[in-house]
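Note that these values count all heavy atoms, side chains included, but never hydrogens, waters or copies made by symmetry. Order of appearance sets the numbers: ligands from 1, and atoms from 1 within every ligand.
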Amino acid sequence: MGFTIAIDGPAASGKGTLARKIAERYGFHHLDTGLTYRATAKALLDAGLPLDEETLAAEQADRVDLGALDRSVLAAHEIGEAASKVAVMPAVRRALVEAQRRFAIREPGVVLDGRDIGTVVCPGAELKLYVTASPGVRAGRRFEEIGKSGGNLSYDDVLDDIRRRDARDMGRVDSPLRPADDAHLLDTSEMSIEAAFRAAQILIDEALARKKPS
Ligand code: CDP
């Protein structure tokens, strides 16, 4: 088995950017599990199907191809909102978690980021990080991203969305967003991505040394 890094946290906490940087630096495979929920939601939207029919949604989840997840298409703000609706359904989660676990056995190591990686998908991960930031800071970051890609939501709309999504993700019965008991907390409210990466690097190097004593 390779080395597994589990990164969880709420929307726009910086976990995705951090996960990509870690994977690049350590030569690990990276999976943004949010994209699997987004791909499921987009398939339903494209087919004109409802977002709350569990059997239909699970059929789409079964068809998600981890090798064909296109971030540029799936990043749209409305798809994130739709993804958090399909993500409450246990049959959807079962299908996607199974695919994510198959990914997680890759050598020499993997970085998975999402909401339930440390608690459900990879509870035995060698290192768990829980990346967070205040709702105001997260809304500011998302607002900037949306502006760059030509969207025109107001900051207040984005903040409302972030709060609604947090409530849905933390309040659901199946695999709610929460830090695993053994996760290291990283609050990036006042931290640059570089500083967050340096903090993570120290923890990763310690965990690697524990796994393979030199
Ligand atoms: O990028 P952002 O944080 O906005 O969202 P994302 O990570 O792409 O995830 C979109 C939605 O998928 C989240 O709001 C969750 O409801 C759901 N999700 C989940 O339930 N479990 C995961 N492991 C990843 C995402």
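The immediate protein surroundings of ligand 1, defined as residues with any heavy atom under 4.0 Å of it, consist of Ala11, Ala12, Lys15, Thr33, Gly34, Tyr37, Arg38, Ala83, Ser84, Ala87, Arg93, Gly114, Arg115, Asp116, Arg142, Arg165, Asp169, Arg172.
The number of heavy-atom neighbours closer than 6.0 Å to CG of Asn152, taken from other residues, nucleotides and ligands shown, is 12 or below.
Here the rule is side-chain contact (heavy atoms from CB on, under 4.5 Å) with Gln100, and of Val121, Val120, Val110 only Val121 fits it. Each of Lys42, Arg115, Arg93, Lys85 was scored for a side-chain contact (heavy atoms from CB on, under 4.5 Å) with Tyr37, with one residue passing: Arg93.
Applying the side chain to side chain donor-acceptor pair (under 3.5 Å) rule to pairs touching residues 191-202 yields Lys21-Glu194, sequence neighbours excluded.
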What side-chain donor-acceptor pairs closer than 3.5 Å can you find for residues 10-20, not counting sequence neighbours?
residue	atom	partner	partner atom	Å
Ser13	OG	Pro10	O	2.9
Ser13	OG	Val131	O	3.4

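Annotation: side chain to side chain contact (heavy atoms under 4.5 Å, CB included) contacts of Ala139 (sequence neighbours excluded): Tyr155, Val158, Leu159, Ile162.
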